[in-house]
Number of protein chains: 2
Amino acid sequence: MELVQQLTEALGAECVLSHAEAAQRIASNWVGAENLNCRALLLPRNTAEVSTALKICHAAKQPVVPHGGLTNVVGGVLTQGHEIALSLERMNAIEAVDEANRTATVQAGVVLQELQNQLQPRGLFFPLDLGAKGSCMIGGNISTNAGGLQALRYGVMRNLVLGLEVVLADGTIITSMNQLLKNNAGYDLKHLFIGSEGTLGVITRAVLKLEDVPLSKNTAYIALNSFAQACDFLSFAKKTLGHTLSTYELMWQDYYQLMTSLPSRYAPPLPQDHAYYVLLEAQGYHPENDQKLFQETLERAFESGLIADACLAQSQQELDWFWGIREQVDFIFSVHQPVFLFDVSLSISNMETYTQEIAKGLQKVWPDVFLYVFGHMGDGNLHLFVSCGQNDQATRHQVEEIVFNPLTAIGGSITAEHGVGLEKKAWLHLSRNPAEIALMKSLKAALDPAGILNPGKIF
Amino acid sequence: MELVQQLTEALGAECVLSHAEAAQRIASNWVGAENLNCRALLLPRNTAEVSTALKICHAAKQPVVPHGGLTNVVGGVLTQGHEIALSLERMNAIEAVDEANRTATVQAGVVLQELQNQLQPRGLFFPLDLGAKGSCMIGGNISTNAGGLQALRYGVMRNLVLGLEVVLADGTIITSMNQLLKNNAGYDLKHLFIGSEGTLGVITRAVLKLEDVPLSKNTAYIALNSFAQACDFLSFAKKTLGHTLSTYELMWQDYYQLMTSLPSRYAPPLPQDHAYYVLLEAQGYHPENDQKLFQETLERAFESGLIADACLAQSQQELDWFWGIREQVDFIFSVHQPVFLFDVSLSISNMETYTQEIAKGLQKVWPDVFLYVFGHMGDGNLHLFVSCGQNDQATRHQVEEIVFNPLTAIGGSITAEHGVGLEKKAWLHLSRNPAEIALMKSLKAALDPAGILNPGKIF
């Protein structure tokens with residue numbers, strides 16, 4: 001029997017979209033996405049159906065690409081015409097919220113924003129926050145080990161997952177739905193699947209750690225005259241604000257100017273003539289004290305010359321405005337096309353010289369290049385948007401060379417949070433040595449000997 | 001050539017102790033340890049020598065048991081006469097401390113306390129803290145994913161390791177000494193080796209995350225009249241003290257009475273007639289504020305009836321006294337022999353009924369049984385010391401049955417932080433299902449196909 005027909009008989013017609021039906025959908029939620037091109041699109045309703053589908057595909061050595069919210073920016077969800085896409089979108093139930101133990105049990109297809117919405121009225125929250133929250137799904141967040149805007153305080157996705165259910169390439173279901181904070185009973189299997197980009201198994205369910213909804217939120221823009229100030233103020237803010245410090249987003253002047261000048265809809269909260277800007281946020285449980293501490297922190301920093309200027313958000317409207325400047329990065333794509341996006345990781349102590357070197361390197365080849373830099377400074381994670389007017393493969397490669405090559409010498413990484421996918425696999429050797437890559441391949445061979453899961457991604 | 005001779009020629013005689021020489025040493029730092037019984041004891045001085053040794057042992061299918069500080073309490077380091085012990089004790093260099101990026105690069109044989117001593121004058125600290133700190137080594141802390149007394153605030157060892165160097169069973173060196181907080185360049189290999197008890201590779205070096213030395217420490221004993229109070233006060237303390245809360249150690253009355261009555265050297269800081277006691281500690285960077293907040297927290301808790309009594313440590317001497325009551329658990333062994341030690345993990349909401357059930361079950365068989373319970377309540381981790389006057393295998397098994405069996409129904413774990421080793425492997429199936437154990441075995445087969453690394457441990 002033909003494979004798609006076999007899948008249709010096993011799962012039911014409503015769970016299998018043909019090549020032509022799937023082609024009505026887009027291949028990715030990312031800028032410039034084409035239509036989905038795959039042999040079939042599977043829409044299983046539960047773990048057993050995921051297992052059935054994988055068993056059939058495994059027997060036929062049929063490549064399968066797991067799909068979540070399709071917000072991946074490194075080509076991690078892209079399919080070729082002979083590959084089957086397996087979307088978890090129908091597995092979108094929040095199965096349980098345990099208020100006493102601060103855990104949520106969810107299916108992989110739950111949209112991050114939807115989880116946050118459901119938790120809010122119970123006074124709980126899941127602390128992953130990223131620009132794509134309205135579309136991205138928990139399964140994708142886990143398989144890419146998402147980072148985002150509050151990792152400084154709460155850690156990355158790996159730190160927020162307690163248990164997982166995963167279906168292996170051959171259909172074996174591994175239900176490892178640990179609810180405990182500490183559990184050393186044998187190997188901690190979940191870490192294999194977190195961040196392995198769907199190449200070792202398909203995540204179907206998870207147990208997530210929750211927090212109480214913070215009762216206070218204090219947010220400010222800070223202007224700084226030098227990178228040294230950005231470093232010193234980060235140290236100061238960490239010590240002063242302690243664990244309430246949840247966001248320290250650094251923006252280079254070019255980025256801030258672009259996002260706060262027409263045709264952007266945002267006005268500048270602070271004058272545009274400073275070298276760096278920080279979006280600072282602290283969250284806590286003692287509204288009165290927290291606000292006092294936040295204001296005192298800024299006053300003391302200003303008085304001691306640690307910062308050049310500051311401006312506090314005084315209303316929800318101002319909060320949206322402040323965050324919009326940092327989050328609405330799509331605006332760059334409306335001003336510049338094409339744009340190459342990077343997500344590098346490096347020590348804070350290397351950030352200034354690294355970005356200067358990149359800028360010089362790019363300007364040497366493209367004197368009119370646009371380079372916008374911002375990122376999660378506290379995590380050592382910068383995003384770079386590069387637009388040099390060209391979009392061909394050779395140009396892309398040349399830009400990548402300039403951005404990635406200096407990372408090896410400083411122990412940096414070609415990806416802090418976006419992952420490798422298709423786009424960065426040619427550069428993996430800059431951040432991982434041959435022995436590490438060989439061990440990754442051994443694991444891949446052990447868990448997916450037929451190589452059917454998201455083939456060609458990562459390595 | 002005979003294997004030990006081959007190792008001696010490859011490593012030099014000073015790195016290979018014979019069976020007889022090794023037998024001068026003890027097999028474990030734990031109570032009642034016998035002398036070391038092994039085919040030979042290897043003492044490599046660097047990673048290359050570890051690799052050489054494993055290459056030779058791998059070719060000969062020679063079992064190897066990695067040794068660190070020998071403080072393991074579940075038989076994880078025990079050897080049989082035909083096995084070779086490989087001690088990392090000579091690899092005890094602190095290779096680098098990066099003050100700007102808050103990392104330390106250390107060899108596996110560094111003693112935890114020694115690392116803390118070296119960091120202190122630089123204003124830095126490594127936040128793992130456990131009773132065995134004077135002997136336990138970083139490599140062992142990593143391979144067992146140690147927890148300890150401050151996991152509530154800083155997380156377990158897994159959260160404190162950035163990078164690792166590991167030698168695989170066949171001698172392959174995997175140098176994955178990541179220094180970055182975020183790095184999604186391929187699989188995060190370190191998690192395979194953290195907590196796998198030396199069965200997948202020998203850890204030789206690590207990059208550790210450091211913190212600034214806290215500038216304030218506030219410590220108190222709290223008396224509570226019910227378990228419900230212990231829960232409510234924990235929630236209250238978490239919200240009030242926020243991230244400064246570093247320790248919340250709960251002690252049942254029996255334990256507290258034992259540790260604060262003659263022949264114990266400790267007097268009771270609070271009267272002995274309360275149902276529960278908590279050793280509470282908070283650490284921060286604002287001495288004046290932190291002390292005020294700590295005192296206010298206790299005052300408000302007392303006034304609102306959340307706690308029955310409280311007593312603050314006012315000097316280093318009192319601090320040592322307070323901590324001694326919690327840490328000097330060896331005292332139990334001087335009063336009772338034999339003692340069976342347990343380390344279970346469970347939701348806080350199940351703790352009271354679980355311990356009552358255990359007590360009842362034990363008393364039914366041994367009416368005069370001693371049961372001492374205390375633990376890291378905030379982490380969901382309890383330690384139970386059981387002494388029923390007998391020490392034979394059948395008794396041990398019966399006690400284990402009573403302690404472990406109820407865990408399955410409540411999703412608990414047979415080990416929160418001690419690991420499985422030899423002692424708990426018969427019970428692994430209570431906390432892990434057959435699919436999970438099968439996957440663990442697949443990983444073992446993939447990484448150590450000859451099964452030479454710490455054979456017979458975990459499963």
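Here is how names work: the chains are called A, B, and so on, in the same order as the sequence lines, proteins then strands, and each is numbered from 1. No experiment lies behind these values; they were computed from the predicted model shown.
- Contact annotation for B/Asn183: both backbone and side-chain heavy atoms come within less than 4.5 Å of a heavy atom of chain A.
- With a 4.5 angstrom heavy-atom cutoff, B/Glu417 touches chain A via backbone and side-chain atoms both.
- With a 4.5 angstrom heavy-atom cutoff, B/Val156 touches chain A only via side-chain atoms.
- Judged purely by distance below 3.5 Å, without hydrogens or angles, the side chains of B/Tyr187 and A/Thr199 pair a donor atom with an acceptor atom.
- In this structure, A/Arg102 CZ and B/Ile348 CD1 are separated by 9.5 Å, a value rounded to the nearest 0.5 Å.
- If you measure heavy-atom distances from A/Ile437 to chain B, you find no contacts under 4.5 Å at all.
- B/Leu215 does not touch chain A: none of its heavy atoms, backbone or side chain, sits under 4.5 Å away.
- In this structure, CG on A/Leu439 lies 8.5 Å from OG on B/Ser176, to the nearest 0.5 angstrom.
- The structure places OG of B/Ser196 at 10.5 Å from CG of A/Asn184, a figure rounded to the nearest 0.5 Å.
- Only the backbone of A/Thr144 comes within contact range of chain B, with heavy atoms under 4.5 Å apart.
- B/Asn433 touches chain A through its side chain: at least one heavy atom from C-beta onward sits under 4.5 Å away, while N, CA, C and O do not.
- Using a 4.5 Å cut-off between heavy atoms, A/Thr175 touches chain B through backbone and side chain atoms alike.
- The side-chain heavy atoms of A/Leu180 and B/Asp379, taken from C-beta on, include no pair separated by under 4.5 Å.
- Note that NE2 of B/His418 and NZ of A/Lys182 are 8.5 Å apart. Values are rounded to the nearest 0.5 Å.
- For chain A, no part of B/Arg153 is nearby; none of its heavy atoms comes within less than 4.5 Å.
- For the pair B/Leu189 and A/Glu436, the minimum side-chain heavy-atom distance is below 4.5 Å.
- Neither the backbone nor the side chain of B/Asp343 has a heavy atom closer than 4.5 Å to any heavy atom of chain A.
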